[in-house]
Amino acid sequence: MKYLDELNQYQRNAVEETEGPVIILAGAGSGKTRTITYRIAHLINKGVEPNKILAVTFTNKAANEMRERVNQLLIENSNFNKPTEIEGRPLIRTFHSLGVYILRHCYKELNLPKNFSILDRADSKKIVRDAMRQEGYDPKEHDPNKILGIISRSKGDMLTSEEYKEKDSNPYRSEMVARVWKIYDQKVRENKSLDFDDLLVETAKLLRDNVPVREAFQKKWQYIHIDEYQDTNEVQYLITKILAANHQNICVVGDVDQNIYSWRGATIKNIMNFETDYSDVKEIVLEENYRSTANILDAANDIIKKNTVRKEKNLFTRNKEGEKITVYQALDEYDEATFAVNRAQELINNGTPANEIAFLYRANYQSRVLEEVALRNNLHHQVVGTRFFDRKEVKDVISYIKAALNEDDFTSMNRVINTPARGIGKVTVLKIFEGREKELNGATAAKVSNFRALLERIRNEIRRSKPSGVIQYIIKEAGFEAKLKTEGEDGLERLQNMKELASLASKYDNLDEPMEKFLESVALSTDQDELEKDDGGVKLMTVHAAKGLEFDNVFITGLEQGLFPMQRDSEKTEDQEEERRLFYVAVTRARKKLFLLWANFRTVFGSKEVNISSEFIDDINEEIIETENLGGKKDDSDGGKIEYLIDF
């Protein structure tokens, strides 16, 4: 089996251990995706039917990459027992996409239409706001986003609104959230919709409570792979445990040192307790890093070894020592941004592709100054986090499709019933959705009738046309094209975004159930999916968004005590260790060169704060650090120690 010769010994061990529970502790850059894909291909080569193999990961980007690599392996090795039909391929999906897959197959058990709508975060937030008003709470006084966050986190822990209410120690907050949550769920169900969290919660409940459904899917997937297992929450853990309960052929891959999502419910105990959940577990550790230089890796090891809650490993590499790590002490955030932009331009002028440079930050607000300075200096850049699908005009077109397919989707219908304007006001909309449409007068009733006729025409177009054609039809038939052409450059730009949506949809034109797959992709898209439309610029993103990515040159900004590590409300050890893990993730995104930046002064919420450098910088061996002072001059004196230029 020559294809296995391409793996190192530990990767090969992981690939060949195909039976029973296996945990692969894969350090950053150690080739975990390669290992999983070879393992899937190896199972197929051994004679396992491809459609009995399931692999689950966290991002569409990771799932797509895994799918492509498996397909390529099967193509390159002609002696493999290869699948030729779509049904014969391994199922490789994100957790949420897996939930959609199961729920679409079992929609009748949930009393949902097959084309149930999937609410995005903005849709959910609007429904929460409406529920708050209904219950007498002012959305200006209580942030709907925070309430939605509590609901989301609680659903991830498999709690009901009543269970949450009993658990929360704050009686006023718990009463408010529980009441809003109850109305929120009611409105979502009335829409014949599910929100992002429901895709997992309803899947877990279905598998737990419905014996025929549970047994069918346990039989369907006999070899299960879970990527990024350290990031699973309670509901994801439950789905995984149920699916693997009979055959126990489960392989989880993860890295305790990269657990950075506790704020959204991920619990480190799932990976720490894997050996107690399953018997006769085989543990394999991947420690050889293929990504970074030795200096970058030494810095990463220096940082993470201070954590106590981890599974011991020490990354090593055969790569060159590489450049020293540059630490820059800036005067303020503008000086910091100027240094980063100037250095990025130097790298680009010397032949580095701009998209091999990333500016990372701990908090979203830091991007403003970085982007301002980048724009001022004509540095081509891309801010990751502004999703294409969140643009108003794009959401409008998608809402037309959802409203046409699901007549009960109040949220989508409410969005487009007067978009573009057709003289249907809020009072009319309220009467429609309260079942009082008969009260409408002749002129208003005619407008509503015309709108319903438009949805019917779109519905018919969906039946006979491909997704890209449907979108082009909506742009013209709904009146967007005529209206936006009268709105100058801004209108033309929005029209171009709608046409770009049609181009994206064309990728689904030749699939089975193309519109269903297109809408699922839209609903489950993430910030990282924006990188598929890589415009070749320097990337600006949070460290959380950078997880799973890598760049030749990485600038980590805002390395000040209180910002990174961020000041938490509590001084819990687990919170402090997560901040350290987050910095470890940031450092290990770099292949060749790492820059660590901090500012003596930073304006936060309108106030200028005086800072000291992050403790994380002090954790790194001084021998692999070079400092640059204000103005960008190197200072290698004193063993690389940082010289404080301002007398406090």
Would you give the length of the straight line joining atom [atom1] of [X] to atom [atom2] of [Y], rounded to the nearest 0.5 angstrom?
X: I53; Y: C251; atom1: CD1; atom2: SG; result: 12.0 Å
X: F616; Y: D302; atom1: CZ; atom2: CG; result: 13.5 Å
X: Y261; Y: L582; atom1: OH; atom2: CG; result: 8.5 Å
X: Y237; Y: N270; atom1: OH; atom2: CG; result: 6.5 Å
X: T542; Y: L360; atom1: OG1; atom2: CG; result: 8.0 Å
X: T317; Y: N295; atom1: OG1; atom2: CG; result: 11.0 Å

Backbone N or O of [Y] within a donor-acceptor pair of the [X] side chain at under 3.5 Å?
X: T37; Y: T33; result: yes
X: R67; Y: I92; result: yes
X: Q561; Y: E615; result: yes
X: Q366; Y: R362; result: yes
X: N64; Y: N60; result: yes
X: E166; Y: E163; result: no
X: D198; Y: V201; result: no
X: N301; Y: L315; result: yes
X: Q258; Y: G27; result: no
X: H225; Y: I36; result: no

- Task: Could you give me the CA-CA distance, side-chain angles and deciding distance for V543 and Y361, then say whether side-chain contact (heavy atoms from CB on, under 4.5 Å) is met?
- Result: CA-CA 6 Å; V543 180; Y361 34 85; over 6 Å; no
Indicate yes or no: at least one non-hydrogen side-chain atom of [X] is less than 4.5 angstrom from one of [Y].
X: L54; Y: L243; answer: yes
X: E579; Y: M566; answer: yes
X: M541; Y: Q382; answer: no
X: V100; Y: H96; answer: no
X: I268; Y: R581; answer: yes
X: V188; Y: I127; answer: yes
X: I271; Y: N259; answer: no

Please check if atom [atom1] in [X] has more than 12 non-hydrogen atoms from other residues, nucleotides or ligands closer than 6.0 Å.
X: D280; atom1: CG; answer: no
X: K220; atom1: NZ; answer: yes
X: F217; atom1: CZ; answer: yes
X: K46; atom1: NZ; answer: yes

[X]: partners by side chain to side chain donor-acceptor pair (under 3.5 Å), with sequence neighbours left out:
X: K311; result: E275
X: R173; result: D168
X: R591; result: E356, E550, D552

- F555: ring-ring contact (aromatic ring centres under 6.0 Å, His included) partners, not counting sequence neighbours: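 With neighbours one apart ignored, the set is F359, F595.
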- Message: If the condition is ring-ring contact (aromatic ring centres under 6.0 Å, His included), which residues does F58 pass it with, not counting sequence neighbours?
- Response: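 With neighbours one apart ignored, the set is F95.
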All salt bridge (charged side-chain N to carboxylate O under 4.0 Å, His left out) counterparts of [X], not counting sequence neighbours:
X: K313; answer: D255, D257
X: R589; answer: none
X: K32; answer: D227, E228
X: D298; answer: none

Would you mind checking if [Y] and [X] are paired as a salt bridge, meaning a charged N to carboxylate O distance below 4.0 Å?
X: K547; Y: D231; result: yes
X: R12; Y: E16; result: yes
X: R580; Y: D619; result: yes
X: D195; Y: K125; result: no
X: R69; Y: E65; result: yes

- Message: I need the full list of salt bridge (charged side-chain N to carboxylate O under 4.0 Å, His left out) pairs touching residues 234-249, with sequence neighbours left out, sorted by first then second residue.
- Response: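 Residue pairs with at least one partner in residues 234-249: E234-K269.
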- Selection residues 90-104 - residue pairs positive for salt bridge (charged side-chain N to carboxylate O under 4.0 Å, His left out), sequence neighbours left out: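 Counting only pairs at least two positions apart or across chains, the salt bridge (charged side-chain N to carboxylate O under 4.0 Å, His left out) contacts touching residues 90-104 are R93-E520.
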With no hydrogens and no angle check, do the side chains of [X] and [Y] hold a donor and an acceptor under 3.5 Å apart?
X: T18; Y: Y223; result: no
X: N319; Y: T293; result: no
X: E574; Y: S262; result: no
X: N246; Y: Q218; result: yes

- Message: Checking Y584 against I260 for the side-chain contact (heavy atoms from CB on, under 4.5 Å) test, could you report, in this order, the C-alpha distance in whole Å, the side-chain angles of both residues, the deciding distance, and whether it holds?
- Response: CA-CA 10 Å; Y584 172 83; I260 59 172; over 6 Å; no
- Where at least one partner belongs to residues 238-257, residue pairs that pass ring-ring contact (aromatic ring centres under 6.0 Å, His included), sequence neighbours excluded: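 Output for this query is empty, none listed.
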- Begin from the C-alpha positions of K114 and E516 and carry the test side-chain contact (heavy atoms from CB on, under 4.5 Å) through to its verdict. CA-CA 9 Å; K114 187 175 183 182; E516 185 178 293; 3.8 Å; yes
